[in-house]
Each structure stands twice: as C-alpha cells, then as structure tokens.
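Keep in mind it's a predicted model, so treat the numbers as computed, not measured. One is the number of the first residue; the rest follow in order along the sequence.
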Amino acid sequence: MKQIMKYTITNCISFTILMLLYALLEKAGSASPLTVDVMLDFLVITTVISVLMYLSERFLQPGVLLGMALDIAIIFLVVFGLGSLAFNMFPFTWQQFIVISGMILITYFAVYGFMVIKEQRDAERINESIQKRKRDRHA
C-alpha cells in the first residue's frame, strides 16, 4: 500500500510540474494552447508512467542507478509512444525531441528531489516517534 501511495504522489507531482512547464512554453510561444483534452492526455501519460514504474520496481527490484535508468527509459517510451503516436500531441521532429527530452529530465529530477525530501521527512518523523516511545518507557 505504501508503494501505491508513493506512486500516486509521484503522479500528482509529475502532472503539476508538467503543467507548469507546459504553461511556460505556451507563454513563450513554443507550445499550442493548453486545452482540457491536452491536460487529460498528460494525465493519462503521467498515470501510465507511474503504473509502469510501480510495476518495474515491484517485480524487477532494480538498484538505484539501474532503477533511475529504467524509469527514464519508461518515461521516454510512454511520452513518445502515447504522446506522439497515440494522442498525436506533437510531431516527432528533432526540435520537438530536444524540447520534450528537456521537459522529461527536468520533471523527472524535480520529482525525484521532492520524493527524496519526503522520504527523509518521513524517516525523521519515524525516528522521533521511536525516540519518544523510548523516553516514555524509561520515564
């Protein structure tokens, strides 16, 4: 259950960062207007990515570096597979590849950073709770 919650949070953060990046690109004139259909396409893409990452972690149990490489490969496959081929969100050109790759990497590492901070805060809370129980037992 904890892993499902982790990937649900990851999906929410990914979607939010992606929407902010897309809004910035739209303001800069580098992206088409953000419509409800485009937002829903992004939500499907981030959800599929989160499900595949969950499954890869659950069944393959890769180490940190291999896990990161696998995560990034999953993201590229889903974004370019669903985004370009299934949803026809963007043409597959080198310029689009570079821009979208940048968005992917910025989003991935931002989410990774958020999750590391969250995991550290959770560990601190658990340790504080353990220390409090020890103090209460000895009091």
Side-chain angles (χ1 to χ4, degrees):
M1 186 65 169
K2 183 180 180 207
Q3 289 301 90
I4 292 173
M5 185 58 97
K6 170 186 166 186
Y7 283 99
T8 301
I9 292 168
T10 299
N11 188 29
C12 292
I13 295 169
S14 300
F15 181 74
T16 302
I17 292 171
L18 187 57
M19 290 297 92
L20 291 171
L21 288 173
Y22 193 89
L24 291 172
L25 286 173
E26 183 183 339
K27 279 292 189 188
S30 298
S32 58
L34 187 60
T35 64
V36 172
D37 288 341
V38 171
M39 281 196 307
L40 292 175
D41 290 346
F42 279 133
L43 182 60
V44 169
I45 288 170
T46 59
T47 302
V48 169
I49 290 168
S50 292
V51 168
L52 291 175
M53 285 179 167
Y54 167 77
L55 293 173
S56 73
E57 183 177 323
R58 175 116 163 88
F59 295 110
L60 300 178
Q61 299 175 347
V64 174
L65 291 179
L66 181 59
M68 289 175 80
L70 187 57
D71 287 348
I72 291 171
I74 288 169
I75 296 167
F76 271 86
L77 287 173
V78 172
V79 167
F80 288 103
L82 285 179
S84 183
L85 302 176
F87 295 147
N88 211 16
M89 293 174 70
F90 53 86
F92 193 79
T93 64
W94 281 109
Q95 180 184 8
Q96 289 290 355
F97 178 79
I98 291 168
V99 170
I100 293 167
S101 295
M103 288 177 70
I104 288 171
L105 294 174
I106 289 168
T107 302
Y108 179 79
F109 287 108
V111 170
Y112 189 85
F114 278 117
M115 294 309 291
V116 165
I117 292 167
K118 181 195 172 308
E119 294 293 326
Q120 286 175 341
R121 288 181 60 204
D122 290 348
E124 288 172 5
R125 286 184 185 134
I126 291 168
N127 287 334
E128 288 171 2
S129 177
I130 291 169
Q131 293 302 321
K132 184 178 186 289
R133 285 185 199 161
K134 284 181 181 179
R135 284 191 304 268
D136 290 346
R137 263 190 284 158
H138 295 300

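Tyr112 and Thr10 share no donor-acceptor pair across their side chains, judged by distance under 3.5 Å alone.
Cluster annotation: Ile49 and Leu77 are assigned to distinct hydrophobic clusters (Ile/Leu/Val/Met/Phe/Trp/Tyr, side-chain heavy-atom contacts under 4.5 Å, transitive). Hydrophobic clustering (side-chain heavy atoms under 4.5 Å, transitive across Ile, Leu, Val, Met, Phe, Trp, Tyr) keeps Ile17 apart from Ile117. In terms of hydrophobic clustering, with Ile, Leu, Val, Met, Phe, Trp and Tyr side chains grouped at heavy-atom distances under 4.5 Å, Leu24 and Val38 are assigned to different clusters. By the rule that hydrophobic residues join a cluster once side-chain heavy atoms approach within less than 4.5 Å of another member, Met5 and Tyr54 end up as members of one cluster. At a threshold of 4.5 Å between side-chain heavy atoms, the hydrophobic network of Ile, Leu, Val, Met, Phe, Trp and Tyr places Ile72 and Leu60 in one connected group.
Here the side chain of Thr46 pairs a donor or acceptor atom with the backbone of Leu43 at under 3.5 angstrom. A donor-acceptor contact shorter than 3.5 Å is absent between the side chain of Gln3 and the backbone of Arg58.
Using a 30° and 60° split on the angle between ring planes, Tyr22 and Phe42 fall in the perpendicular class, above 60°.
One distance of note links CG of Leu21 with CD1 of Ile100; it measures 12.0 Å at 0.5 Å rounding. Considering CZ of Phe114 and CD1 of Ile9, their distance stands at 12.5 Å, rounded to 0.5 Å. Atom CG of Leu66 sits about 12.0 Å away from atom CD of Gln61, to the nearest 0.5 Å. Atoms CG and CE, on Leu20 and Met103 in that order, are 10.0 Å from each other to the nearest 0.5 Å. Here the OG-CD1 distance, from Ser14 to Ile104, works out to 11.5 Å after rounding to the nearest 0.5 Å. Expressed to the nearest 0.5 Å, how far CG of Leu70 lies from CG of Leu65 amounts to 12.5 Å.
In this structure the side chain of Lys132 never reaches within 4.5 angstrom of the side chain of Glu128, judged on heavy atoms. Two residues are said to be in side-chain contact when any heavy atoms from C-beta on lie closer than 4.5 Å; Met115 and Tyr7 fail this criterion. Between Val99 and Phe90, every side-chain heavy-atom pair lies at or beyond the 4.5 Å cut-off. Two residues are said to be in side-chain contact when any heavy atoms from C-beta on lie closer than 4.5 Å; Phe76 and Ser101 meet this criterion.
For the pairing with Leu82, the side-chain contact (heavy atoms from CB on, under 4.5 Å) check across Ile45, Asp41, Asn88 returns one residue only, Ile45.
Residues Pro62 and Ser56 approach most closely at CD-O, 3.7 Å, considering heavy atoms.
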Item checked: Steps toward side chain to side chain contact (heavy atoms under 4.5 Å, CB included) verdict (Asp71, Glu57) -> CA-CA 9 Å; Asp71 287 348; Glu57 183 177 323; over 6 Å; no
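More than 12 heavy atoms of other shown residues, nucleotides or ligands fall within 6.0 angstrom of atom OH in Tyr108.
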